[in-house]
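Notes follow once the structure below has been shown.
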There are 2 protein chains.
Amino acid sequence: MLSLRKKKILSAVVDGYIQKASPVSSKEIQKTCLQDCSSATIRNELSALESMGYLVQPHVSAGRIPSEKAFRFYVNELTTESCLTDEENALIESRLLRNHGSLDEVIKQITNVISEITHYTSVVVKADMADTITAIKLLDLSNGQMLMVIVTETRVLKDGIVDIPEDFDDLMLLQAQAWLNKLFVGKHISQFLNFTYPYTLVNDQFKLNKLFKKITDELKKQALANGMDVCVCGEHNIFKHSEYNDVGNVQKFLSEVGSKDKMAQVFTDDGGQEGFVTVKIGASENAPEGCSVVTTRVALGTNIAGSIGVIGPVRMNYKKVLSVLDKISNIIIDMMGKE
Amino acid sequence: MLSLRKKKILSAVVDGYIQKASPVSSKEIQKTCLQDCSSATIRNELSALESMGYLVQPHVSAGRIPSEKAFRFYVNELTTESCLTDEENALIESRLLRNHGSLDEVIKQITNVISEITHYTSVVVKADMADTITAIKLLDLSNGQMLMVIVTETRVLKDGIVDIPEDFDDLMLLQAQAWLNKLFVGKHISQFLNFTYPYTLVNDQFKLNKLFKKITDELKKQALANGMDVCVCGEHNIFKHSEYNDVGNVQKFLSEVGSKDKMAQVFTDDGGQEGFVTVKIGASENAPEGCSVVTTRVALGTNIAGSIGVIGPVRMNYKKVLSVLDKISNIIIDMMGKE
DNA sequence: AATTAGCACTCGACCATCGAGAGTGCTAAC
DNA sequence: GTTAGCACTCTCGATGGTCGAGTGCTAATT
């Protein structure tokens, strides 16, 4: 457990770093939040926090940078109180309340406002929960591969291709198909997400298990990429943040954000509870490397599940992002309640 | 007119620069294409070409870099013969010929193959020519602004907002509306593109003319952004080209490519003739700064106009891009003919 | 025992300098 | 008109030196 002073200092480092994007020194902390302490004392504390894994020193004569652990601490300590200005609140409301025909229009509006106010990239993932699976087909392509097709009430998802092992005959393919249908027909495609293949379920032979796992994995990917609508807005906001002064980072970020299945994955892999905001910090919490992902669940209509959120560098303005998402999810829940 | 040797040298510089992305020296040219000349002679020629505006020298001890004028020369000299390998041809064919339900699917496939083979960003702009304008509405928002709405047979385009001058009354608004309807009802939205506002048409008063011009400009922008479907693929390919090692350039490029109206504009502003490939080099030829745009027109169905093409740095592999677009447009024209 | 003042130390950022190498332009000879 | 030869210019990378920021440690203080 951290002493009160350590907490204060740690928060100050994180706050300062979020603001300036450069290492924070003992003197700065003294100025901003601990005038009644000397910088030497703070240095001792910083040193302690470093050895506890909260801080990192890029080099000996630089200040401290918060680690992902520090950001996690910071976010946990955060109060839920909003930091939005009246103008920002008004903007959000006016944008969401003007009634824009179709759901997709509304979603566009949502991503728009979020990215505009937060200056990060925003994402909304939509899944029609009423659109359930009616069949799963495994189609032998006669070239050692099979095509997997998921049929739902409203559409057909294809393009999943998997190698068939040589000792796998037609009968087994049919068995596999039957098994998949038994498991998933009537369910929503998003339920692949929570499904993990149990190795002992079908067959003890390692090879077959491996194939079955491959099939369900591939189906999962398909379901993510095509079964859910992903709307992204404000990708270009990354250029505002100094971690993306490097072309390599930009490239990595854009390729992550551009991949629908990754986004669907990252933005729906949370508690699934409506009204709560989830924060994932860095790769260790399953966000893309160097990134944080903030999401919240919201019903976008009867039987339409939605996940709205923000993706950006770990050095993110969490206060603002959390406030915005909180505000927006409340408005939406409200809107939905009235209909 | 350039001497044969100058042409040879100029082509060699462009070729070399396209390949290496670094200045080309006299010695290199000697090696690659003019063994029977000394490097000194080539230097004289290079110097002449430079003063003619074809070449640029970044600094005195560097080789030459081709100017946009040089690329224009190079492209004009290019023969139409294809430089594609058998594998590439086969890939294109197999991708386009597997029949993918909807037109949008096909378009996705087209952009996909193009960007995959050329390693540039590819764009397809689709315009349903049968979808004509049924009405244009100017709606006074009572706050000194008006909302402009274009109604076509299948959809409603809105969101164009323009200030109304104070001395503009309701009657004039109606007049303006009547005028616009008279001009454009029954036509396709893309025809705004070719429309330029004639100052003397309605009123001699400068102010009103200015407003009318503003309205048509705004309508144009709307028509471009929303009246045509723009499909972009392979944005991330820019990272493969060294001109985009700089974050600033990446940002500029992505913001250009991300703006639908700019893309619709750039990719449809050509002769409009089917089967011919148009090349725009650099800002002076109305491509985005530092970029070249290669396009070709193709009917994507009865009454559906399409423009398919590639956008990338001026230092583009024109041989390949032209070959690919040529091949693809031929296939599509063929496909359409059969239906 | 915790805090603090003071100081030596370290390291990055910035700048100037230097030499090597590339490639040119010019001159004079062919 | 072409070419060999050479001086010249400029970039690039390496080297070194100074400055300032910020630390860690020590010894004194509370």
Side-chain angles (χ1 to χ4, degrees), chain A residues 1-10 12-17 19-67 70 242-243 245-246, chain B residues 1-10 12-17 19-67 70 242-243 245-246:
Chain A
M1 196 49 203
L2 293 176
S3 73
L4 186 66
R5 193 170 64 187
K6 279 203 178 60
K7 282 187 184 181
K8 240 175 155 177
I9 291 176
L10 188 47
V13 175
V14 177
D15 265 329
Y17 186 66
Q19 254 191 40
K20 307 184 311 155
S22 63
V24 180
S25 74
S26 52
K27 256 190 197 159
E28 284 172 68
I29 296 172
Q30 190 192 17
K31 258 185 271 171
T32 52
C33 82
L34 275 181
Q35 284 92 338
D36 50 342
C37 255
S38 83
S39 67
T41 310
I42 296 172
R43 274 204 292 284
N44 288 331
E45 295 282 52
L46 286 173
S47 177
L49 285 166
E50 180 170 357
S51 60
M52 293 163 82
Y54 286 105
L55 297 176
V56 172
Q57 210 171 10
H59 56 87
V60 66
S61 81
R64 298 310 206 290
I65 284 180
S67 66
S242 58
E243 20 281 282
N245 286 344
D246 174 71
Chain B
M1 197 48 204
L2 294 176
S3 72
L4 187 65
R5 194 170 63 186
K6 279 204 177 61
K7 283 187 183 180
K8 239 175 155 176
I9 291 177
L10 188 46
V13 175
V14 177
D15 266 329
Y17 186 65
Q19 254 192 39
K20 308 183 311 158
S22 63
V24 181
S25 74
S26 53
K27 256 190 197 157
E28 283 171 70
I29 296 173
Q30 190 191 18
K31 257 185 270 169
T32 51
C33 81
L34 275 181
Q35 282 94 337
D36 48 345
C37 257
S38 82
S39 66
T41 310
I42 296 173
R43 273 203 294 284
N44 288 332
E45 295 283 52
L46 287 174
S47 177
L49 285 166
E50 180 170 357
S51 60
M52 294 163 81
Y54 286 106
L55 298 177
V56 171
Q57 209 172 8
H59 57 88
V60 66
S61 81
R64 297 312 204 289
I65 284 181
S67 66
S242 59
E243 20 280 282
N245 286 343
D246 173 71

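In the text below, chain A, chain B and the rest are named by the order of the sequence lines, each starting its count at 1. Any value given below was found using the heavy atoms of this structure, including those in side chains, with hydrogens, waters and symmetry copies removed.
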Please identify each residue that fulfils side chain to side chain donor-acceptor pair (under 3.5 Å) with B/Lys20, with sequence neighbours left out. B/Ser22, B/Glu28
D/dT23 OP1/OP2 closer than 4.0 Å to side-chain N/O of A/Ser26: yes
Below 4.0 angstrom from OP1 or OP2 of C/dG25, is there any side-chain N or O of B/Arg64? yes
Any residue meeting side chain to side chain contact (heavy atoms under 4.5 Å, CB included) with A/Lys7, in chain and number order, not counting sequence neighbours: A/Met1, A/Leu2, A/Phe73, A/Glu77
Once you round to the nearest 0.5 Å, how far does CD1 of B/Ile42 lie from OG of B/Ser47? 13.5 Å
Duplex segments of DNA chain D, taken as runs of at least three Watson-Crick or G-U pairs that stay under 3.5 Å: C:1-30 with D:1-30
So which protein nitrogen or oxygen atoms get under 3.5 Å of nucleotides 3-9 of chain C's nitrogens or oxygens?
{"residue": "C/dT3", "atom": "OP1", "partner": "A/Arg5", "partner atom": "NH1", "Å": "3.0"}
{"residue": "C/dT3", "atom": "OP2", "partner": "A/Arg5", "partner atom": "NH2", "Å": "3.0"}
{"residue": "C/dT4", "atom": "OP2", "partner": "A/Ser38", "partner atom": "N", "Å": "2.9"}
{"residue": "C/dT4", "atom": "OP2", "partner": "A/Thr41", "partner atom": "OG1", "Å": "2.4"}
{"residue": "C/dG6", "atom": "O6", "partner": "A/Arg43", "partner atom": "NH2", "Å": "3.4"}

By side chain to side chain contact (heavy atoms under 4.5 Å, CB included), A/Ser38 pairs with (sequence neighbours left out) A/Ala40, A/Thr41
Using a 3.5 Å distance criterion without hydrogens, assess whether the side chain of A/Gln57 forms a donor-acceptor pair with backbone atoms of A/Ile65. no
Verify, without hydrogens or angle tests, whether B/Ser39 (side chain) and B/Ser26 (backbone) share a donor-acceptor contact under 3.5 angstrom. no
Give me, pair by pair, the N or O atoms of the protein and of nucleotides 9-13 of chain D that are less than 3.5 Å apart, along with how far apart they are.
{"residue": "D/dC10", "atom": "O2", "partner": "B/Ser61", "partner atom": "OG", "Å": "2.9"}

Can you tell me the distance, in whole Å, between the CG atom of A/Leu34 and the C1' atom of C/dA2? 15 Å
Using whole Å, report how far CD1 of A/Ile9 lies from C1' of C/dA2. 14 Å
Figure out the CG/C1' separation between B/Leu4 and D/dG1, and round it to whole Å. 16 Å
What pairs with B/Glu243 under side chain to side chain donor-acceptor pair (under 3.5 Å), at least two apart in sequence or on another chain? B/Arg315
Carefully, step by step, assess B/Leu55 and B/Leu10 under the rule side-chain contact (heavy atoms from CB on, under 4.5 Å). CA-CA 8 Å; B/Leu55 298 177; B/Leu10 188 46; 3.8 Å; yes
Find the distance B/Leu46:CG to D/dT3:P and express it as a whole number of Å. 14 Å
Using whole Å, report how far CD of B/Gln30 lies from P of D/dT2. 13 Å
In whole angstroms, the gap separating C1' of C/dG23 from CG of B/Leu55 amounts to 15 Å
Distance, rounded to the nearest Å, where A/Gln57 contributes CD and C/dC11 contributes P: 11 Å
Worked verdict on B/Leu49 versus B/Val13 for side-chain contact (heavy atoms from CB on, under 4.5 Å): CA-CA 11 Å; B/Leu49 285 166; B/Val13 175; 5.9 Å; no
Tell me the salt bridge (Lys or Arg N to Asp or Glu O under 4.0 Å) pairs involving residues 38-67 of chain A, sequence neighbours left out? A/Arg5-A/Glu45, A/Lys6-A/Glu45, A/Glu50-A/Arg64
